[in-house]
Colleague: 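Dumping the structure here so I can ask a few things about it.
The figures here come from the full heavy-atom set of this structure, side chains too, leaving out hydrogens, waters and symmetry mates.
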Amino acid sequence: MPPAKRLTRTRNIGIIAHIDAGKTTVTERILFYSGRVHKMGEVHNGEATMDWMLEEKERGITITSAVTSCDWRGHAINIIDTPGHVDFTIEVERSLRVLDGAIGVFCAVGGVEPQSETVWHQADRYKVPKIAFINKMDRVGADFPRAVEMIKERLGALPLVLQIPWGVEDNFKGVIDLIKMKAILWEDETLGSQFDEIPVPSEMGEEVSQFRELLLETLADKDDTITEKYLAEEEIEIQELNRAIREATINLDLVPVFCGSALRNKGVQPLLNGIIDYLPSPVDIPPIVGIVPSSGKKESRPPEAKGPFSALAFKVMMDQGRKMTYVRVYSGTVKTSEPVYNPSKKRKEKLARLLKMHSNKRERIHEASAGDIVAAMGLKLTTTGDTLCSEENPILLEPMLFNEPVITVAVEPKKVQDHDRLLGALGKLTDEDPTFRFKIDEETGQTVISGMGELHLEIIVGRLKRDFSVETNQGKPQVVYRETVTGVADHEEVFQREIAGQQHIAGVKLEVSPLPRGIGNRFVDRCRNPELTEEFLAAIRQGISEAEIGGVLMGYPVIDVQTCLLDVQIKETFSDEMAFKVASTMAFRNACRNAAPLLLEPIMKAEILVPEDFTGDVISDLNARQSKIEQVAAKGPIQVLTASIPLSKMFGYSTALRSVSQGRGTFTMQFSHYDRV
């Protein structure tokens, strides 16, 4: 097949939705009906093709986005099945960055659920054309019109209903196709592989006419040809309708809506037809734009197999200890063992192998060209979001943005000898997941891991044990408090000791007083003793600095304290730097004890975004956490709350916020200042 024709017959799509809407089940049916697999695996049995990780099989949820491909009507469809849980939003983010189209799957009972909103708006940000599939029409409480209305209200999209359900709940038989004006009835004996197109049942005639009229009205608003024929009451051909729907979908003007029940094997083949008919090929979307590193000028790369090579690495995975990088090729062609250039790292890399992926199974290929999504082995330096191109024609594509982690947990290996292995494993997991971080806290010595939520970190800890054989203990990280003084006090300390037959004598008189919060520590020399040398003064300052590292209450660092040197006692031949250092340390500690010492805790500045309906519940929860709410501002239908909250009260807050806001609230936080406990 000529490269240009191959491109027009390629679809790169993702399946996005809230957790448990049925994304993986829909993908499983697509693979079965297209002949890619010969047995349908069920999520609830832990047998789904796309949920290949052990954690996914056990929990019955998708954790990592999996890539596969199939053929339908002579077209190649590359599919990425994404997770629905909010903790793994990064998987959706990086998938949408490289996809040309998406299918939003909605539960007929739940409609547009919170995470559906999040992933839909992510797709909007990347200008990804979408079609909607309202799943689970056989469930008790299924409500098709309500689900369509929610798409309009919550997502701000214009739904174009192309199918309506034939019956609901236990009576769900099939769908009515409003383009062909036919009823589609699936045969249960063939697991839904066979279906019949029959005339629309008479009892549904009126409802079908209303929906058909609405379809034509909506299309007439978007397409001049349809407008003319609609107003003239002429017959509109199926090909004309499909052309108008395709153009409006690619232009993001509307969202075609399909329905069915993937688990009951109904409605999937028309959805496959919709992917081919309405979602774009790589040539239907604007060419990718990047920056030429040498000049800083923008340059576009059309999706042509013979053009200069450019690709984006959108995912890194550790595969049996080796690094595997998922790549979307935007232009040109690359072959196995060819060198490629990484302009982000300014280094050349070599593609050892190219693989076509089917979930965790792979097939070796010799080349990849524009429009392909493949996995590459041998890219040692490339990380998520890096550009790959030819050295002769370098280009830097827009990097990917990642959310900052919002929850932290301290981990330690159960066996001391596993400490280095733990750090090595955490380093590999960080390469794989840009929303996962780890650091060694200098003040507590703890290894602290950070992620997007408690489930995210739970999965990480599980993988440490399974994939890297490192068992760990977890606990909340220690909050690093600070100490200060609230009063003014002075103390004179005389150090006199014989060490190794030598007398050491020094006297120091200090005064400590509080400073405003955030000023830091300050040293003032008010000593008028002419015998005080620069060396002795430096030793006194060093002794005070060392004493400030550990306070008198609980040993935490001392902040916002002014220390004045009032006087010194010097004995000739017996006074030395060591004696002054020790004397100043003791004087500082004793002065602090007499100056009403106080424990300070870190206060975080948090910004919470929540729909208006939940503002009261969120404020009540914040008040229970001893927060100070500084501002409540409206941003469209969303309320933005700014608050100061003690860090010790923020552990588990991401889970609590989801609970009080039905999963629709998000927050960010950063360190603000220290204040009294």
Side-chain angles (χ1 to χ4, degrees), residues 5 8-16 22-23 25-37 40 68-79 81 99-106 128-135 137 144 159-166 173-187 190-200 208 211-212 215 219 236-250 254-262 264-282 284:
K5 191 174 182 183
T8 59
R9 289 177 166 264
T10 298
R11 301 287 182 274
N12 291 316
I13 63 153
I15 300 192
I16 60 173
K23 296 178 300 303
T25 306
V26 169
T27 312
E28 210 66 27
R29 299 309 186 261
I30 286 173
L31 295 176
F32 179 72
Y33 296 131
S34 63
R36 189 72 173 84
V37 298
M40 288 185 278
T68 188
S69 57
C70 63
D71 293 301
W72 186 256
R73 281 172 36 193
H75 290 67
I77 306 174
N78 295 317
I79 304 170
D81 175 32
L99 292 171
D100 304 327
I103 302 171
V105 180
F106 303 97
V128 176
K130 299 168 283 293
I131 60 180
F133 181 68
I134 296 175
N135 191 24
M137 285 307 310
F144 179 76
L160 182 74
V161 177
L162 303 186
Q163 295 176 348
I164 61 171
W166 180 4
K173 299 173 186 167
V175 301
I176 311 292
D177 187 330
L178 299 174
I179 302 287
K180 295 180 180 176
M181 291 300 280
K182 295 275 187 183
I184 306 175
L185 190 64
W186 277 268
E187 294 177 11
T190 61
L191 293 174
S193 294
Q194 303 294 322
F195 56 89
D196 297 314
E197 291 185 354
I198 58 176
V200 174
V208 170
F211 273 101
R212 169 78 175 188
L215 184 150
L219 268 185
I236 305 172
E237 297 291 325
I238 289 174
Q239 289 85 348
E240 285 181 296
L241 287 173
N242 282 340
R243 177 199 54 77
I245 295 167
R246 180 179 179 79
E247 283 179 14
T249 305
I250 293 172
L254 47 78
V255 176
V257 178
F258 296 81
C259 64
S261 169
R264 300 282 169 260
N265 312 315
K266 293 176 170 68
V268 177
Q269 292 94 332
L271 179 65
L272 270 163
N273 289 333
I275 293 169
I276 305 302
D277 292 337
Y278 309 129
L279 287 180
S281 71
D284 294 321

Colleague: The test is side chain to side chain donor-acceptor pair (under 3.5 Å); show your working for Gln269 and Trp186 and say whether it passes.
Modeller: CA-CA 10 Å; Gln269 292 94 332; Trp186 277 268; 2.9 Å; yes

Colleague: May I ask you to decide if Ala262's main-chain N or O and Arg29's side chain share a donor-acceptor pair within less than 3.5 Å?
Modeller: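 Indeed, once roles are kept as given, a pair shorter than 3.5 Å links the two residues.
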
Colleague: Between Gly274 and Phe258, what is the shortest heavy-atom contact and its length?
Modeller: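 So the two residues come closest at CA-CZ, 3.7 Å.
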
Colleague: May I ask you to decide if Ile198's main-chain N or O and Asp196's side chain share a donor-acceptor pair within less than 3.5 Å?
Modeller: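 No, the answer is negative, given that no donor and acceptor are paired below the 3.5 Å cut-off.
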
Colleague: Could you walk me through whether Leu215 and Leu162 satisfy the side-chain contact (heavy atoms from CB on, under 4.5 Å) test, starting with their C-alpha distance in whole Å, then the side-chain angles of each, then the deciding distance to 0.1 Å, before giving a yes or no?
Modeller: CA-CA 7 Å; Leu215 184 150; Leu162 303 186; 3.6 Å; yes

Colleague: I need the minimum non-hydrogen distance between Trp166 and Ala183, along with the two atoms involved.
Modeller: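 Nearest heavy atoms, Trp166 then Ala183: CZ3-CB, 3.8 Å.
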
Colleague: Supply the atom-to-atom distance Leu178 CG to Leu160 CG, rounded to the nearest 0.5 angstrom.
Modeller: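 Nearest 0.5 Å value for the CG-CG distance: 9.0 Å.
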
Colleague: In sequence, state the C-alpha distance, the side-chain angles, and the governing distance for Leu272 and Ile77, and then conclude on side-chain contact (heavy atoms from CB on, under 4.5 Å).
Modeller: CA-CA 9 Å; Leu272 270 163; Ile77 306 174; 3.8 Å; yes

Colleague: CZ of Arg36 to CD1 of Ile30: how many Å apart, nearest 0.5 Å?
Modeller: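 Answer rounded to 0.5 Å: 13.5 Å.
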
Colleague: I'd like to know if the side chain of Arg212 reaches the main chain of Ile179, judged simply by a donor and an acceptor atom lying under 3.5 Å from each other, with no hydrogens or angles considered.
Modeller: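 A pair under 3.5 Å: yes.
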
Colleague: Any side-chain heavy-atom pair from Val255 and Thr249 closer than 4.5 angstrom?
Modeller: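 In short, these two side chains do not touch, never coming nearer than 4.5 Å.
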
Colleague: Is the shortest side-chain heavy-atom distance between Ile131 and Leu271 below 4.5 Å?
Modeller: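 They are in contact (side-chain heavy atoms under 4.5 Å apart), so the answer is yes.
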
Colleague: Measuring from atom CD1 of Ile275 to atom CH2 of Trp72, what distance do you get when rounded to the nearest 0.5 angstrom?
Modeller: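 Separation between the atoms: 10.0 Å.
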
Colleague: What closest approach, in Å, do Phe106 and Ala132 show between heavy atoms, and which atom pair accounts for it?
Modeller: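 For Phe106 versus Ala132, the nearest heavy atoms are CE1-CB, 3.8 Å.
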
Colleague: Ignoring hydrogens, what is the shortest heavy-atom contact between Cys259 and Phe144? Give both atom names and the distance.
Modeller: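 Closest approach of Cys259 to Phe144: CB-CE1, 3.7 Å.
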
Colleague: With rounding to the nearest 0.5 Å, note down the distance linking CE in Met137 to OG in Ser261.
Modeller: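 So the CE of Met137 and the OG of Ser261 are separated by 9.0 Å.
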
Colleague: State, to 0.1 Å, how close Asp100 and Pro129 come at their nearest heavy-atom pair, and which atoms those are.
Modeller: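 Looking at all heavy atoms of both residues, the closest pair is O-CD, 3.1 Å.
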
Colleague: Quick one: closest heavy-atom pair of Lys173 and Leu185, and the distance?
Modeller: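 Looks like O-CD1, 3.8 Å.
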
Colleague: Just how far is it from atom OG1 of Thr190 to atom CG of Asn265, taken to the nearest 0.5 Å?
Modeller: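 Output value for this atom pair is 8.5 Å.
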
Colleague: CD1/Ile103 to CD1/Ile79 distance, rounded to the nearest 0.5 angstrom?
Modeller: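 Interatomic distance, Ile103 CD1 to Ile79 CD1, rounded to 0.5 Å: 7.0 Å.
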
Colleague: Please step through side-chain contact (heavy atoms from CB on, under 4.5 Å) for the pair Ile176 and Gln163, ending with a clear verdict.
Modeller: CA-CA 5 Å; Ile176 311 292; Gln163 295 176 348; over 6 Å; no

Colleague: Before accepting this row, confirm whether a basic side-chain N of the pair Asp284/Arg246 lies closer than 4.0 Å to the acidic partner's carboxylate O.
Modeller: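 Looking at Asp284 and Arg246, the cut-off is met.
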
Colleague: According to side-chain hydrogen bond (donor to acceptor under 3.5 Å, both in side chains), who are the partners of Lys180, at least two apart in sequence or on a separate chain?
Modeller: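 Once residues adjacent in sequence are excluded, the partners of Lys180 under the side-chain hydrogen bond (donor to acceptor under 3.5 Å, both in side chains) criterion are Glu197.
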
Colleague: For Asn242 and Tyr278, test the side chains for any donor-to-acceptor distance below 3.5 angstrom and give the result as yes or no.
Modeller: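 There is such a pair (donor and acceptor under 3.5 Å, judged by atom type) between the side chains of Asn242 and Tyr278.
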
Colleague: So do the side chains of Phe32 and Ser193 get within less than 4.5 Å of each other, counting heavy atoms only?
Modeller: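 Side chain of Phe32 against side chain of Ser193, heavy atoms only: contact under 4.5 Å found.
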
Colleague: Run Ile250 and Leu279 through side-chain contact (heavy atoms from CB on, under 4.5 Å) and show every step you take.
Modeller: CA-CA 7 Å; Ile250 293 172; Leu279 287 180; over 6 Å; no

Colleague: Any non-hydrogen side-chain atom of Ile15 less than 4.5 Å from a side-chain atom of Phe133?
Modeller: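 Ile15 vs Phe133: side chains apart.
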
Colleague: Treating Glu247 as the side-chain partner and Ala244 as the backbone partner, does any N or O pair qualify as donor plus acceptor under 3.5 Å?
Modeller: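 Checked: no pair found.
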
Colleague: Classify the side-chain pair Arg11/Asn78 by whether it contains a donor and acceptor separated by less than 3.5 Å.
Modeller: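 Absent: no donor and acceptor within the cut-off.
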
Colleague: Tell me, do Ile164 and Val208 make a side-chain contact under 4.5 Å, heavy atoms counted?
Modeller: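 With C-beta onward as the side chain, the pair touches.
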
